[in-house]
S.K.: 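Shown below is the structure under consideration.
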Amino acid sequence: QVDLVESGGGSVQPGGSLRLSCISYAPPIWSNCMGWFRQAPGKGREGVASAKRDGKIDYIDDVKGRFTISRDNAKNTLYLQMNSLKPEDKAMYYCAATLARGCRLRADEYNYWGQGAQVTVSS
């Protein structure tokens, strides 16, 4: 079964914006930590941002001031607003959830994953 579904990927020029969405169909997963990860060709999966049930938010330094993670609990939807996009942001972006108590940006600590949304940034 599919528990997480991403949407909103696309292609933009440097400096452009995109908003990714992730819908959770499993309330127990939604109630725990959720995050966004990305993976470029030939590279490992990198944590981007996370949002814990208690409201704690975390970002990697590369996206601070440009990306914003948020939740709409009424819609069971997680968002990632991406502004001032750079060519190095090009990657497949994945929505993920973990049942662990922590909420760190480490891919091996997450239990559930979406199929991914492609983000391309080029002139």
Side-chain angles (χ1 to χ4, degrees):
Q1 65 181 40
V2 178
D3 296 309
L4 302 172
V5 180
E6 303 102 332
S7 63
S11 180
V12 298
Q13 296 182 354
S17 299
L18 286 172
R19 187 180 73 166
L20 302 180
S21 299
C22 171
I23 299 176
S24 173
Y25 294 98
I29 297 174
W30 178 258
S31 296
N32 288 277
C33 172
M34 299 190 69
W36 290 98
F37 291 76
R38 64 186 180 186
Q39 186 168 20
K43 297 183 178 180
R45 193 161 295 186
E46 175 187 39
V48 177
S50 65
K52 196 176 180 181
R53 180 174 57 182
D54 64 6
K56 182 180 179 181
I57 303 295
D58 196 18
Y59 300 95
I60 55 169
D61 289 341
D62 287 349
V63 308
K64 289 181 178 178
R66 299 190 298 121
F67 292 9
T68 302
I69 187 172
S70 61
R71 290 188 182 195
D72 185 333
N73 291 325
K75 298 180 179 180
N76 288 328
T77 303
L78 181 74
Y79 300 98
L80 184 68
Q81 178 67 47
M82 302 182 291
N83 298 326
S84 301
L85 283 162
K86 305 174 181 179
E88 51 264 43
D89 293 320
K90 178 183 178 181
M92 184 73 74
Y93 283 70
Y94 297 91
C95 175
T98 179
L99 300 179
R101 287 183 173 272
C103 197
R104 300 189 295 183
L105 293 171
R106 298 178 60 169
D108 60 0
E109 296 184 354
Y110 286 70
N111 309 96
Y112 302 94
W113 296 85
Q115 294 292 98
Q118 182 66 52
V119 172
T120 300
V121 186
S122 62
S123 300

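None of the values given here were measured: they were computed from a predicted structure.
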S.K.: Please round to the nearest 0.5 Å and tell me the distance separating atom CG of Asn76 and atom OH of Tyr25.
M.R.: 9.5 Å
S.K.: To the nearest 0.5 Å, how far apart are CD1 in Ile57 and CZ in Arg71?
M.R.: 7.5 Å
S.K.: Testing the basics here: between Ala49 and Leu80, what is the closest heavy-atom pair and its distance to 0.1 Å?
M.R.: CB-CD1, 4.3 Å
S.K.: I need the Met92 CE to Gln39 CD distance, nearest 0.5 Å.
M.R.: 9.0 Å
S.K.: Taking only residues two or more places apart in sequence or in another chain, which ones pass salt bridge (Lys or Arg N to Asp or Glu O under 4.0 Å) with Arg38?
M.R.: Glu46, Asp89
S.K.: Let me confirm one number: the CD1-OH distance from Ile23 to Tyr79, rounded to the nearest 0.5 Å.
M.R.: 7.5 Å
S.K.: Short question: side chain of Thr68, backbone of Gln81 - any donor-acceptor pair under 3.5 Å?
M.R.: no
S.K.: Between Leu105 and Phe37, what is the shortest heavy-atom contact and its length?
M.R.: C-CE2, 4.0 Å
S.K.: For Thr77 and Ser21, work out which heavy atoms get closest and say how close.
M.R.: CG2-CB, 4.3 Å
S.K.: Quick one: closest heavy-atom pair of Gly35 and Ile69, and the distance?
M.R.: CA-CD1, 4.4 Å
S.K.: Ignoring hydrogens, what is the shortest heavy-atom contact between Asp62 and Arg66? Give both atom names and the distance.
M.R.: O-NH2, 3.0 Å
S.K.: Would you say Arg104's side chain and Glu109's backbone share a donor-acceptor pair under 3.5 angstrom?
M.R.: no
S.K.: Determine the minimum heavy-atom distance between Lys56 and Asp54, stating which atoms define it.
M.R.: N-OD1, 3.1 Å
S.K.: Could you note down all residue pairs passing disulfide bond (SG atoms under 2.5 Å apart) where residues 59-123 supplies at least one of them, sequence neighbours left out?
M.R.: Cys22-Cys95, Cys33-Cys103
S.K.: Any disulfide bond (SG atoms under 2.5 Å apart) pairs touching residues 40-80, not counting sequence neighbours?
M.R.: none
S.K.: Spell out, as yes or no, whether a donor-acceptor pair under 3.5 Å connects the side chain of Tyr110 to the backbone of Met34.
M.R.: no
S.K.: Membership question, hydrophobic clusters at under 4.5 Å side-chain separation (ILVMFWY): are Trp113 and Leu99 in the same one?
M.R.: no
S.K.: Roughly how far, to the nearest 0.5 Å, is OH of Tyr94 from CG of Leu20?
M.R.: 12.5 Å
S.K.: Quick check on Glu88: does its CD atom have over 12 non-hydrogen neighbours (other residues, nucleotides or ligands) under 6.0 Å away?
M.R.: yes
S.K.: What I'd like to find out is whether the side chain of Gln115 reaches to under 4.5 Å of the side chain of Glu6, using heavy atoms alone.
M.R.: yes
S.K.: Got Leu78 and Trp36 here, is their nearest side-chain heavy-atom distance under 4.5 Å?
M.R.: yes
